[in-house]
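So the structure is just underneath, and the comments pick up after that.
We name chains A, B, ... by the order of the sequence lines, and we start the count at 1 in each one.
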Number of protein chains: 2
Amino acid sequence: MPDPSRTPQLRLREFLPYRLSVLSNTISRRIAELYDREFGLTIWQWRVMAVTGDAPGISATEIGQRTAMDKVAVSRAVAGLIEVGYLERKSSEEDGRRSKLYLTPAGTSVYDEIVPMAIAEEQALEAVLTPEERVELTRLMEKLAGSASPDRPLW
Amino acid sequence: MPDPSRTPQLRLREFLPYRLSVLSNTISRRIAELYDREFGLTIWQWRVMAVTGDAPGISATEIGQRTAMDKVAVSRAVAGLIEVGYLERKSSEEDGRRSKLYLTPAGTSVYDEIVPMAIAEEQALEAVLTPEERVELTRLMEKLAGSASPDRPLW
DNA sequence: GACATTTAGTTTCATATGTAACTATTTATG
DNA sequence: CATAAATAGTTACATATGAAACTAAATGTC
């Protein structure tokens with residue numbers, strides 16, 4: 001007969017936040033390695049390129065919102081991309097604080113190479129799931145995201 | 001009629017590795033904040049305590065295997081925990097390189113406090129899912145983990 | 001048993017990251 | 001319009017992290 005006063009067991013390996021973290025880190029590390037090896041880009045730089053390619057003229061702040069990066073990370077990623085010539089900055093006419101970002105031709109050509117690779121990679125990852133499972137996973141993740149959103153107090 | 005030669009679209013927000021990373025980071029940040037605020041522990045220190053509480057006498061290497069931490073991270077977390085008096089090291093009789101780790105009484109008392117809190121927290125997080133959904137999520141995550149395991153080549 | 005190899009764990013060093021302070025510009029308030 | 005408050009983005013600083021070098025002990029090989 002178990003003693004109910006004992007501290008309940010916690011098995012790290014069954015702990016959802018832990019499992020999520022390990023899975024996400026495993027995948028992220030793989031991807032980081034690929035982008036670094038193939039294009040010399042960090043994940044952050046790649047995210048900036050991804051949204052800039054999708055929305056030319058975007059501002060650093062908007063990039064932050066779309067990529068869940070903080071403004072310092074965006075600033076650094078942008079600086080690095082300008083340095084290697086993949087990104088170009090024009091200051092906004094309407095607002096002198098803001099700058100508009102664009103892929104350069106070199107940046108666009110990297111973008112055009114990297115996007116299919118990224119998509120292929122995601123598909124390779126998701127290939128183990130059926131289409132129904134993918135939909136279901138997305139649904140469950142969204143439920144969790146709602147539960148974990150930073151503005152919502154935990155208890 | 002869309003031009004098939006154009007680069008296909010990639011929407012970061014729909015990209016599974018990205019979504020996983022954001023979800024995991026959101027949850028991890030919350031937890032890190034809680035453990036830091038309540039106990040002055042980092043996530044790594046907490047993971048070390050969790051497995052040591054579960055398997056007293058465990059070695060640093062085994063901790064690394066159970067927690068998906070590298071040996072440097074384990075070493076640092078252990079050093080910090082010894083410093084604050086939550087962990088105790090005894091060197092192994094059989095193998096002089098290895099050391100066995102134990103929670104001290106102070107460490108045990110923190111452990112006994114933190115475990116129910118961690119469990120409650122996980123339950124709060126999972127409360128948005130039905131039991132069936134939890135099982136399903138675990139199954140899907142395991143499929144992905146198999147697909148993403150570091151030893152498996154991507155293409 | 002001497003020497004090479006492996007393993008456990010720590011330390012060092014270089015880089016990444018987050019927080020806070022800062023500059024520049026715009027917007028709001030009296 | 002002068003000044004305060006807010007916003008965009010950068011810089012500086014302190015800390016975290018990972019890779020590689022290192023120490024010490026154990027194991028394998030001749």
Side-chain angles (χ1 to χ4, degrees), chain A residues 21-22 24-26 28-33 35-37 40-48 51-52 55 57-83 87-102 150, chain B residues 21-22 24-26 28-33 35-37 40-48 51-52 55 57-83 87-102 150:
Chain A
S21 161
V22 170
S24 166
N25 289 342
T26 304
S28 289
R29 198 163 304 135
R30 275 180 88 82
I31 294 180
E33 218 169 285
Y35 292 171
D36 180 35
R37 174 162 35 85
L41 296 176
T42 67
I43 291 251
W44 313 114
Q45 289 176 331
W46 158 237
R47 285 191 188 168
V48 167
V51 297
T52 306
I58 194 171
S59 74
T61 302
E62 288 170 305
I63 290 177
Q65 288 158 357
R66 291 211 196 183
T67 58
M69 291 166 68
D70 73 44
K71 63 183 181 171
V72 177
V74 173
S75 174
R76 287 198 261 242
V78 166
L81 289 168
I82 288 174
E83 180 141 348
L87 220 63
E88 179 180 22
R89 182 180 2 226
K90 296 181 183 165
S91 58
S92 160
E93 325 276 277
E94 316 87 55
D95 187 337
R97 294 166 303 180
R98 192 167 293 202
S99 47
K100 297 167 157 194
L101 297 163
Y102 301 88
Chain B
S21 161
V22 170
S24 166
N25 289 341
T26 303
S28 290
R29 197 163 305 136
R30 276 179 88 84
I31 293 179
E33 216 168 287
Y35 292 170
D36 179 37
R37 174 161 35 85
L41 296 176
T42 67
I43 291 251
W44 312 114
Q45 288 176 332
W46 158 237
R47 285 191 188 169
V48 166
V51 298
T52 306
I58 194 171
S59 73
T61 301
E62 289 170 304
I63 290 177
Q65 288 158 357
R66 292 211 194 183
T67 58
M69 290 165 68
D70 72 44
K71 63 182 182 170
V72 177
V74 173
S75 175
R76 288 198 260 244
V78 166
L81 289 167
I82 288 173
E83 179 139 350
L87 220 64
E88 179 181 21
R89 182 184 355 231
K90 295 181 183 164
S91 57
S92 162
E93 325 277 275
E94 316 86 56
D95 186 338
R97 295 166 301 178
R98 192 168 292 203
S99 47
K100 298 168 158 195
L101 296 163
Y102 300 89

Checklist entry - Got a second to check how far Tyr102(A)'s OH is from Leu87(A)'s CG, nearest 0.5 Å? => result 11.0 Å
Item to check | Nucleotides bounding contact with chain A, strand DNA chain D, heavy-atom threshold 4.0 Å | outcome: dA6(D) to dA12(D)
Next on the checklist: Base, sugar-phosphate or nothing for Ser99(B)? Non-hydrogen atoms, less than 4.0 Å.
Outcome noted: sugar-phosphate
Item to check | Distance, rounded to the nearest Å, where Arg89(B) contributes CZ and dG9(C) contributes C1' | outcome: 8 Å
Next on the checklist: Quick check for you: to the nearest 0.5 Å, what is the distance between Trp46(B) atom CH2 and Leu81(B) atom CG?
Outcome noted: 11.0 Å
Checklist entry - For Arg29(B), which contact category applies under a 4.0 Å heavy-atom criterion: base, sugar-phosphate, or nothing? => result nothing
Checklist outcome for this item: To the nearest angstrom, the CG-C1' distance between Leu101(B) and dA8(C) comes to 12 Å
Next on the checklist: On a heavy-atom basis, which atom in Leu101(A) and which in Ser59(A) lie closest, and how many Å separate them?
Outcome noted: CD1-C, 4.5 Å
Checklist outcome for this item: Per nearest nucleotide of DNA chain C, the residue lying toward the 5' end, Trp44(A) or Glu94(A), is Trp44(A)
Item to check | Atom pair CZ/OG1 of Arg66(A) and Thr61(A) - distance to nearest 0.5 Å | outcome: 13.0 Å
Checklist entry - So which of residues 67-83 of chain B are in contact with DNA chain C, with a heavy-atom cut-off of under 4.0 Å? => result Lys71(B), Val72(B), Ser75(B), Arg76(B)
Next on the checklist: Please tell me if Arg98(B) has a side-chain N or O lying less than 4.0 Å from either OP1 or OP2 of dT10(C).
Outcome noted: no
Checklist entry - To the nearest angstrom, how far is Arg97(B) atom CZ from dT5(C) atom P? => result 16 Å
Next on the checklist: From CZ of Arg47(A) over to C1' of dA16(C), roughly how many Å is that when rounded to an integer?
Outcome noted: 15 Å
Next on the checklist: Checking Arg47(A) against Ser21(B): is there a side-chain donor and acceptor pair closer than 3.5 Å?
Outcome noted: yes
